[in-house]
There are 2 protein chains.
Amino acid sequence: MFVIGSGGRHLEDEIKALGGEVLDVEIKRFPDGEKYVRVLGSSRDVTVVSSTFAPQDEHIVELILLADALRESGVQRLRAVVPYFAYSRQDRVTKDGEPVSVRAVMRTLAVYYDELYVFDLHNPETLRFFPGKAVNLSPARAIADYFREKLGDGLVLAPDKGALMRARAVAEKLGLEYSHFQKTRISPTEVQMKPVDVDVSGKNVLIVDDIISTGGTMIKAANLLREMGAEKVFVAATHGVFAEGAIERVTKAVDELAVTNTIPTPVSNISIVPDILKL
Amino acid sequence: MFVIGSGGRHLEDEIKALGGEVLDVEIKRFPDGEKYVRVLGSSRDVTVVSSTFAPQDEHIVELILLADALRESGVQRLRAVVPYFAYSRQDRVTKDGEPVSVRAVMRTLAVYYDELYVFDLHNPETLRFFPGKAVNLSPARAIADYFREKLGDGLVLAPDKGALMRARAVAEKLGLEYSHFQKTRISPTEVQMKPVDVDVSGKNVLIVDDIISTGGTMIKAANLLREMGAEKVFVAATHGVFAEGAIERVTKAVDELAVTNTIPTPVSNISIVPDILKL
């Protein structure tokens, strides 16, 4: 049985259409700003679905309030599906006195939830901070299916070596070649990017990353691919954490931009709902 | 050693002026809305001070992020002083499917904090949800000191029987009489209020409650006291969770309205900082 939080509202119709049973919830705000939640009905096993995009902290606290209500109503096994996990990029201490914020959020959810499911976590190793069962789901199948026809016999590139496993996962589903861009500092202010060990000329290319924010790297990569003779250039990411104007800027630079619906955006055309229903 | 969160910023100068040692913190927001915190310096024992007024959820998550940073830096004993505790009025299940939201927040803070100090919690029994040491501090001394001269040989009233212990605590510090209002339903739409077993005529009266929101009850009580011949009417509360326009409306109806600074408002003239420094 599913319970959908405010950060999962955009997935609800599809969850129902694909046969997911959903308990009704009432979520409102008191005049002083406090949230009020109520879950109508109960079940032994419940999966709460809510991403934690902005307003992140409200979505996090709501996950805890919903869980308290569900435990109160007798739920035995409580799973959280948090497709986009806030604070996932604050995954290490880089200066003394910083928190590992993603750990703080995972430990908070663990007060109530037995299991945690996320999509394409920025640093999958941080799942160790969740003491229960914690699973990092891949959107590779969804992204591959979406771009299969458009890409034809093209290739898949990661914007940097760190994202290579993402490009590989998508490429393997499509039986295509994959590689990554290499960044080389050529002057104090200039970084040169180029794809490693692949010939892009005459090929359709899909660039895949986990998060797009400003889109700057994607635009630079796309422009470079065109200069190198690439045919069509597509950009995909799991999480569209777009800065203002980023969708327009990236869209202008490429043939198509598409992200998954872990976060609702105008280009969240790749659905991860089938993956949620398989859990 | 103190660390001051965003919900305690308004107390910082006074904490320092009264000799409290405060570690510097850096708190900012990333463009995507995530908070970033950093504590400069550390100590073996740290007391984090932050109320959780609106935006409540941000203040709650920040308490967790600060605590993660402090634990990371080696703090052994971590205390939270949360003068105004959000969700404190959501203290019981009134309809099936509701959470006990105050429990959810207390259990969340308990992930990191050993001890919790709050002021005048709406339902002090809910402190049992915090597994560590949990203390409900009284603002009675601060309120009594503030109104001592103005009140003279007046009396102290609670707006209802449930708040009587608050009126008593203030009255006892001043050596004055105290009582409470009684509400009687006289028609389906009308409730009559009157003070029980006291003669207010010619007396200064202080009405004391824990929270003022709309101020409706206070205004009704003040008007009634004037009709009954009371001299000056003062209103005090611990937490000024004022709805829009409430400060103006209450101020117009009484001789003085003052609340403590658990929440910063234009009438938060009663300081609980000395009580924090005594911990």
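Within every chain, numbering begins at 1; the chains are lettered A, B, ... in the order of the sequence lines, protein sequences first and strands thereafter. Worth knowing before you read on, the calculation uses all heavy atoms, side chains too, and leaves out hydrogens, waters and symmetry mates.
Contacts of residues 101-111 of chain A with chain B at a heavy-atom distance below 4.5 Å involve A:Ser101, A:Arg103, A:Ala104, A:Arg107, A:Thr108, A:Val111, listed in sequence order.
For chain B, the nearby parts of A:Glu34 are the backbone and the side chain; heavy atoms of each come within less than 4.5 Å. For a residue to count as touching a neighbouring chain, one of its non-hydrogen atoms must lie under 4.5 Å from one of that chain's; by this rule A:Tyr112 touches chain B with the side chain only. For chain B, the nearby part of A:Val241 is the side chain; its heavy atoms alone come within less than 4.5 Å. Neither the backbone nor the side chain of A:Arg71 comes within contact range of chain B, judged by heavy atoms closer than 4.5 Å. Interface residue B:Val93: only side-chain heavy atoms are found under 4.5 Å from chain A. Only the backbone of A:Ser88 comes within contact range of chain B, with heavy atoms under 4.5 Å apart. Neither the backbone nor the side chain of A:Ala243 comes within less than 4.5 Å of any heavy atom of chain B. If you measure heavy-atom distances from A:Phe53 to chain B, you find no contacts under 4.5 Å at all.
No side-chain donor-acceptor contact under 3.5 Å links A:Glu58 to the backbone of B:Pro55. Proximity of a side-chain donor or acceptor of A:Asp68 to a complementary backbone N or O of B:Pro99 within less than 3.5 Å is not detected.
Heavy-atom pairs under 4.5 Å with chain A were tallied for B:Glu244, B:Glu72, B:Glu26, B:Gln56; the largest tally goes to B:Gln56.
Here the CG-CD distance, from B:Leu40 to A:Glu98, works out to 10.0 Å after rounding to the nearest 0.5 Å.
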| Run the side chain to side chain contact (heavy atoms under 4.5 Å, CB included) check on A:Phe30 and B:Arg89 step by step: do they pass? | CA-CA 11 Å; A:Phe30 286 118; B:Arg89 285 179 285 183; over 6 Å; no

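Among B:Leu65, B:Ile64, B:Val61, the one residue that satisfies the side chain to side chain contact (heavy atoms under 4.5 Å, CB included) test with A:Asp57 is B:Val61.
Ionic pairing of A:Asp96 and B:Arg38 is not present here: no N-O contact between side-chain nitrogen and carboxylate oxygen is shorter than 4.0 angstrom.
The two residues B:Ala69 and A:Gly97 have their closest heavy-atom pair at CB-O, 3.4 Å.
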